[in-house]
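Have a look at the structure below, then the notes.
Quick caveat: nothing in here was measured; it's all calculated off a predicted structure.
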Amino acid sequence: MPRPQKKQKLEDGQQNGGGMTTDDDDNSSSFDRLGTDALANIFGFLLPEDIMLARLNKKMREAAKKTIVPLTDFVVDSVRKYNALVAMSTALPNLQQISVHGLDGGHKYSDGEDPNEGRAAKTANFITHDINFISRFRRLRSLELYFTPLNGRYAALFDFPLLHKLSIKYTHCLKWNLEMLEGLPLLKELFCASNESLTGNIDSLRVLKDTLEKVTFRDCPHIEGNFMDLADFPRLKELNLRETYVTGDIRDVGERDFPTLELLALPSSVYGGPGHEFQRISDAPGIIRTLYSIKRQRPNLLFKYWYGKLSKDSPDWYGLDDEFDEYYVGDGAAFPSPPLHVCLVAAGSRVGYRWETIDGDHPCEVNWLDPEPHRESSDYEKYIRELRVIEERVYLYQGFHEPPSEEEFNRLASEINGD
């Protein structure tokens, strides 16, 4: 009968000590026999918050201190999260990934050395919190600062011997120089965006020559130097220097330079970089063939954001001051501005270039640099498909492989508008 069996189970449990079964005793005894190293390995499969909750006794607390916490992003975006990170700095000192964002309203991190006086005055009555404790995380591999309310210079943020990835975005009042990166000897990825107080010459990155794989400086107006100073970095895959004052000449790139590069985005201050202004229409093919040669030597290389344009100081120029304006010809009919911008074009593996209007809506014919793929090649169907899309867009400037002269442009505008 079910009822007597249940009663018998209860009686058996009472004989074994207040309801705990022999199996429970064995499991508890086995767990108690685990050393702190074994517990640390177990904790290594948990999230930081779960490890903190599992610290029930002295042994577990000691194990937590030894735990190499997996690369799971812990985001500090409030005072509560900040307090949790402070606790982790002693309880989980081997945390490997941290993102420090903003704090609650009326709170900030303590000012560093040489703070922005205006910013300091505006936040003088804010509740302050120490940020230097973060240096306790000696095994940190990834650090992100995003809209972090920092003001001044903080040496503690650049002293992590095992750091692989550093990202600093929109942290405008953080003052630092590229020379401070020598405190991050194993850095592989560096991403900086909208850092108005960042200064330095990219030559300072040479202390990281053998480790750097990805470098981005976007909208960092006080970064200077010559991009060729990084040409011999053996592991560099991505180099993005847009909106900096880095200089150089794309024609200086040799066959052995940037051996592993897959993405290159240069500022307009580099000769031949994106936004380069040509003094004559006839100057464009030479620069483009240089870019083409560089890419042929590095098939995986992507020239991100590249385009060129005819300078308004050029004797070939005949556009309007505002290139987005339309021409009005004959009886007042509108006509797009002339195609005085040049860009790279690809259909399958075939690369070329073409001139087009500033909005890209009215291109000229493509000047192909590669021969057409063989009909039996694996790339041929993709090439034909993408070629049709390219050719369908050529309307106004059919037959033109470079911008029409001003006389040709006016004649074309008149013909199309029926004058």
Side-chain angles (χ1 to χ4, degrees), residues 68-76 85 88-89 92-101 109 112-114 130-148 150-220 222-225 227 229-241 244 246 258 260-261 263:
I68 306 300
V69 184
L71 282 168
T72 302
D73 200 13
F74 185 81
V75 179
V76 180
L85 188 65
M88 289 179 185
S89 69
L92 294 177
N94 294 328
L95 196 65
Q96 295 189 88
Q97 184 172 358
I98 301 173
S99 292
V100 185
H101 295 191
Y109 291 107
E113 297 179 11
D114 189 25
D130 177 47
I131 190 65
N132 292 314
F133 79 92
I134 203 170
S135 62
R136 298 173 190 165
F137 296 102
R138 304 311 293 162
R139 289 185 174 272
L140 199 63
R141 298 296 183 96
S142 176
L143 175 62
E144 179 191 49
L145 304 177
Y146 180 77
F147 279 108
T148 313
L150 298 170
N151 185 11
R153 190 172 289 106
Y154 303 81
L157 297 177
F158 300 90
D159 181 23
F160 296 104
L162 301 180
L163 197 73
H164 286 177
K165 183 176 181 180
L166 176 63
S167 175
I168 305 178
K169 296 179 283 189
Y170 312 108
T171 304
H172 303 293
C173 292
L174 171 63
K175 293 184 178 181
W176 64 288
N177 187 283
L178 293 184
E179 293 179 358
M180 299 172 72
L181 294 174
E182 66 181 359
L184 313 174
L186 297 183
L187 194 66
K188 295 181 179 181
E189 299 182 20
L190 175 62
F191 188 99
C192 302
S194 296
N195 292 172
E196 298 172 6
S197 300
L198 167 60
T199 60
N201 191 303
I202 61 171
D203 181 67
S204 299
L205 298 180
R206 296 198 61 79
V207 296
L208 302 172
K209 172 185 172 182
D210 294 325
T211 61
L212 277 179
E213 297 177 0
K214 298 180 181 181
V215 175
T216 293
F217 292 109
R218 193 179 68 207
D219 191 18
C220 297
H222 302 296
I223 294 298
E224 56 187 16
F227 82 100
D229 289 337
L230 311 184
D232 60 344
F233 280 38
R235 300 177 184 274
L236 191 60
K237 296 179 180 179
E238 296 183 10
L239 180 59
N240 187 338
L241 301 172
T244 67
V246 171
F258 301 105
T260 58
L261 204 61
L263 182 148

Taking the side chain as every heavy atom from C-beta outward, state whether [X] and [Y] have any atom pair closer than 4.5 Å.
X	Y	result
W176	T171	no
L150	V100	no
I134	L143	yes
T148	I131	no
N151	Y109	no
L166	L187	yes

When you look at R206 and F233, which way does the side chain to side chain contact (heavy atoms under 4.5 Å, CB included) test go after all the steps? CA-CA 8 Å; R206 296 198 61 79; F233 280 38; 3.5 Å; yes
Is the [atom1] atom of [X] crowded by more than 12 outside heavy atoms at less than 6.0 Å?
X	atom1	value
R235	CZ	no
E179	CD	no
R218	CZ	no

Give a yes or no on whether the backbone of [Y] and the side-chain of [X] come within a donor-acceptor separation of less than 3.5 Å.
X	Y	value
T199	N177	no
S204	I202	no
Q96	V69	yes
R139	I68	no

Looking at every heavy atom in both [X] and [Y], which two are closest together, and how far apart are they?
X	Y	answer
E238	L236	O-CD1, 3.6 Å
N132	A156	OD1-CB, 3.5 Å
D114	K175	O-NZ, 2.8 Å

Atom pair [atom1]/[atom2] of [X] and [Y] - distance to nearest 0.5 Å:
X	Y	atom1	atom2	answer
R141	K188	CZ	NZ	8.0 Å
T72	Q97	OG1	CD	7.0 Å
F137	F160	CZ	CZ	8.5 Å
K237	L263	NZ	CG	12.5 Å
L145	S167	CG	OG	8.0 Å
L190	L184	CG	CG	9.0 Å

Salt bridge check, E144 against K165: does any charged N sit closer than 4.0 Å to a carboxylate O? no
Tested for side chain to side chain contact (heavy atoms under 4.5 Å, CB included) against F217, the lone hit among L239, N240, V246, T244 is T244
List in chain and number order the residues that pass ring pair (Phe, Tyr, Trp, His ring centres under 6.0 Å) with H101, two or more places apart in sequence or in another chain; answer none if no residue qualifies. Y146
side-chain contact (heavy atoms from CB on, under 4.5 Å) against P234, all qualifying residues, sequence neighbours excluded: K209, D210
Report the C-alpha separation of I223 and L241 in whole Å, then their side-chain angles, then the decisive distance to 0.1 Å, and conclude whether the side chain to side chain contact (heavy atoms under 4.5 Å, CB included) test is met. CA-CA 9 Å; I223 294 298; L241 301 172; 5.6 Å; no
What side-chain donor-acceptor pairs closer than 3.5 Å can you find for residues 191-198, not counting sequence neighbours?
from: S194; atom 1: OG; to: D219; atom 2: OD2; distance (Å): 3.2
from: N195; atom 1: ND2; to: I168; atom 2: O; distance (Å): 3.3
from: N195; atom 1: ND2; to: A193; atom 2: O; distance (Å): 3.0
from: S197; atom 1: OG; to: H172; atom 2: O; distance (Å): 2.7

If we ignore angles and hydrogens, is there a donor and acceptor under 3.5 Å between the side chains of S135 and D159? no
Check against side chain to side chain contact (heavy atoms under 4.5 Å, CB included), L205 and L181: CA-CA 8 Å; L205 298 180; L181 294 174; 3.5 Å; yes
